[in-house]
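Nothing here was measured: the structure is a model prediction, and the numbers come from that model. Residues: numbered from 1 along the sequence shown.
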Amino acid sequence: MSSYPTKPTFAGDSEERIKRFLATASHDLQSPLRHIAMYAELLLDDLEETLDGEQLQSLRMIMEKAQTAQRLTKALMSLAGGTPQVTPEEVDLQALAESVWGELTDETAVGEATLESNGLPSIRTDPALFGLVLRHLLTNALMYRSEAAPHVAIAAERAGTDWFIRISDNGAGIDPAYRERIFEPFWKLPKPGMVQGAGLGLTTAREFLTALGGDISLEHSDESGSRFVIRLPIA
């Protein structure tokens, strides 16, 4: 079993910037998300008898996603305040992975992308926080692709008191010069022609996993792809 490095200590200024970013963004999103969920619920109450099955499913999905986003923004605010709000429950990891993957492939319109994740277990964790961790990792797998169609494999095994969840891709790999930097805040792996974002994906993924009692590390990377491993406590 691979060893897992302790969480790096970032410079005070960067850590404070992350906290301010998370707190401000989460606070500003609370009101519109609350209204989206409220109006979706009102529409369901008023129109349920007149809508067909597909329309009802779409409206319920809007309400559920808005409520999930509300939970997530509250967790982000608590994380920024130093007291993470974690709501653990039994989570079907297979269903969660397929749901996140479906959303991402729809959003990115990456053709012929495939996910291999059969037989994943149920785990006890916070579905909103862990779902965002998966989203960050799967987004990177689709974004930093090679010339081949993206393929991602997710596998889980139990060892002692922990789950080890491995996420492998067939992307371009990570240059050894950058492997110590990928978890740094506000830093993104260079890629020609790519629009640069905030560079907080892997940073926040590690922060969420720390709040969940786990960790993440890059286990392997070369020209055939990369493999990240997530450690989560079983209970």
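- Within the 3.5 Å criterion, the main-chain N or O of Asn170 finds a donor-acceptor partner in the side chain of Ser146.
- Formation of a donor-acceptor pair under 3.5 Å by the Arg166 side chain with backbone atoms of Glu219 is not found in this model.
- Residues Leu137 and Leu202 form a side-chain contact, since some pair of their non-hydrogen atoms from C-beta on lies under 4.5 Å apart.
- The side-chain heavy atoms of Asp169 and His151, taken from C-beta on, include no pair separated by under 4.5 Å.
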Give the C-alpha distance, both sets of side-chain angles, the deciding distance and a yes or no for side chain to side chain contact (heavy atoms under 4.5 Å, CB included) between Gln55 and Leu59. CA-CA 6 Å; Gln55 291 169 330; Leu59 197 51; over 6 Å; no
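- Taking the side chain as every heavy atom from C-beta outward, Gln57 and Arg60 never approach each other to under 4.5 Å.
- Contact annotation: the side chain of Tyr144 never approaches that of Ile174 to less than 4.5 Å [non-hydrogen atoms, C-beta and beyond].
- In this structure, Phe228 and Asn140 have side chains that are not in contact, with every pair of non-hydrogen atoms separated by 4.5 Å or more.
- Taking 4.5 Å as the limit, some side-chain heavy atom of Asp126 sits within range of a side-chain heavy atom of Thr87.
- The side-chain hydrogen bond (donor to acceptor under 3.5 Å, both in side chains) check on Thr105 picks up nothing, with sequence neighbours excluded.
- Using a distance-only test at 3.5 Å, with no hydrogens or angles considered, no donor-acceptor pair links the side chain of Arg135 to the main chain of Val100.
- Atom CZ of Arg179 has more than 12 neighbouring heavy atoms from other residues, nucleotides or ligands inside a 6.0 Å radius.
- Looking at Thr114 and Glu112, their side chains never come closer than 4.5 Å, going by heavy atoms from C-beta outward.
- Listed for the Thr203 side chain is a donor-acceptor partner under 3.5 Å among the backbone atoms of Phe183.
- Put simply, Leu47 and Met38 are part of two different groups of oily side chains (I, L, V, M, F, W, Y) that touch within less than 4.5 Å, one to the next.
- Ile123 places a side-chain heavy atom less than 4.5 Å from the side chain of Phe130.
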